[in-house]
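Please read the structure below before turning to the comments.
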Amino acid sequence: MNKSFFEEVYEVVRLIPQGRVTSYGAIARYLGTGKSSRMVGWAMNSSHLAATDIPAHRVVNRQGLLTGKMHFGTGDEMKNLLEKEGIEVQGDQIIHFTNCFWDPNKELL
DNA sequence: CGATTGACGTACG
DNA sequence: TCGTACGCCAATC
């Protein structure tokens, strides 16, 4: 229970199936934080520091935009990973985003 | 210890 | 429909 906000975020992100994506807000709502979606982004920022491997490239904003691609080192890293999983990405925008969207509140809950 | 920032989202005008 | 304002919590300056 008393898991830190980051821990819960990591757990949910790890549960994201390959070829699917979710949004910061979806995770935030699943954790019950609701509007504190910023914390999800902050957790993702620290995700690369975490011992566990977090597929943060599967987490995008509500628009399906790869806002955090710059944090993967190179700007092509995140897009490459998503395309490799079968997700169509044009520039920083995920195509058919709603089709690939994975809502933890709907899938897990 | 106070102010600012941050990979967001919702509300209001 | 677009632009601005606010909230949320933690980390950093």
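Chain identifiers are assigned alphabetically (A, B, ...) following the order of the sequence lines, protein sequences preceding nucleic acid strands; residue numbering begins at 1 within each chain.
- For the side chain to side chain contact (heavy atoms under 4.5 Å, CB included) test, residues two or more places apart in sequence or in another chain that qualify with A:Glu107 are A:Trp102.
- Grouping Ile, Leu, Val, Met, Phe, Trp and Tyr residues whose side-chain heavy atoms lie under 4.5 Å apart, directly or via other members, leaves A:Leu49 alone, with no other cluster members.
- C:dA5 and B:dT4 have their P atoms separated by 16 Å, given to the nearest Å.
- Within the structure, ring-ring contact (aromatic ring centres under 6.0 Å, His included) contacts touching residues 6-26 of chain A (residues at least two apart or in different chains) do not occur.
- Sequence neighbours left out, the pairs with a member in residues 66-81 of chain A that pass salt bridge (charged side-chain N to carboxylate O under 4.0 Å, His left out) are A:Lys69-A:Asp92.
- Between A:Val21 and A:Ile87, the closest heavy-atom pair is CG1-CD1, 3.3 Å.
- The residue A:Ala56 sits close to a base: some heavy atom pair falls under 4.0 Å.
- Sorted by residue number, the list of members of residues 86-93 of chain A with any non-hydrogen atom under 4.0 Å from DNA chain B is empty.
- Within residues 64-82 of chain A, no residue has any heavy atom under 4.0 Å from DNA chain C.
- By the side chain to side chain contact (heavy atoms under 4.5 Å, CB included) test, A:Gln18 pairs with A:Arg58, A:Glu85, sequence neighbours left out.
- For DNA chain C, the span of nucleotides reached by chain A at under 4.0 Å from its heavy atoms goes, 5' to 3', from C:dG7 to C:dA11.
- Residues passing the side chain to side chain contact (heavy atoms under 4.5 Å, CB included) test with A:Asn105, sequence neighbours excluded: A:Arg29, A:Tyr30, A:Asp103.
- Shown here are the ring-ring contact (aromatic ring centres under 6.0 Å, His included) partners of A:Phe97, two or more places apart in sequence or in another chain: A:Phe101.
- Looking at A:Ser4, its side chain never comes within 3.5 Å of a backbone N or O of A:Glu7 through a donor-acceptor pair.
- Of the two residues near DNA chain C, A:Ser46 and A:Ser36, the one whose nearest nucleotide lies more 5' is A:Ser36.
- The line from CD of A:Glu83 to NE2 of A:His57 is 11.5 Å long, rounded to the nearest 0.5 Å.
- Remark: A:Phe72 CZ to A:Met78 CE distance equals 4.5 Å, nearest 0.5 Å.
- With sequence neighbours left out, the side chain to side chain contact (heavy atoms under 4.5 Å, CB included) criterion links A:Thr98 to no other residue.
- One N or O on the side chain of A:Thr33 and one on the backbone of A:Ala28 form a donor-acceptor pair closer than 3.5 Å.
- Nucleotides B:dC1 and C:dC8 have their P atoms positioned 23 Å apart, rounded to a whole Å.
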Extract from the structure each pairing of a protein N or O with an N or O of nucleotides 9-13 of chain B at less than 3.5 Å, listing the distance.
residue, atom, partner, partner atom, Å
B:dG9, OP1, A:Arg62, N, 2.7
B:dG9, OP2, A:Arg62, N, 2.7
B:dG9, O4', A:Ser37, OG, 3.3

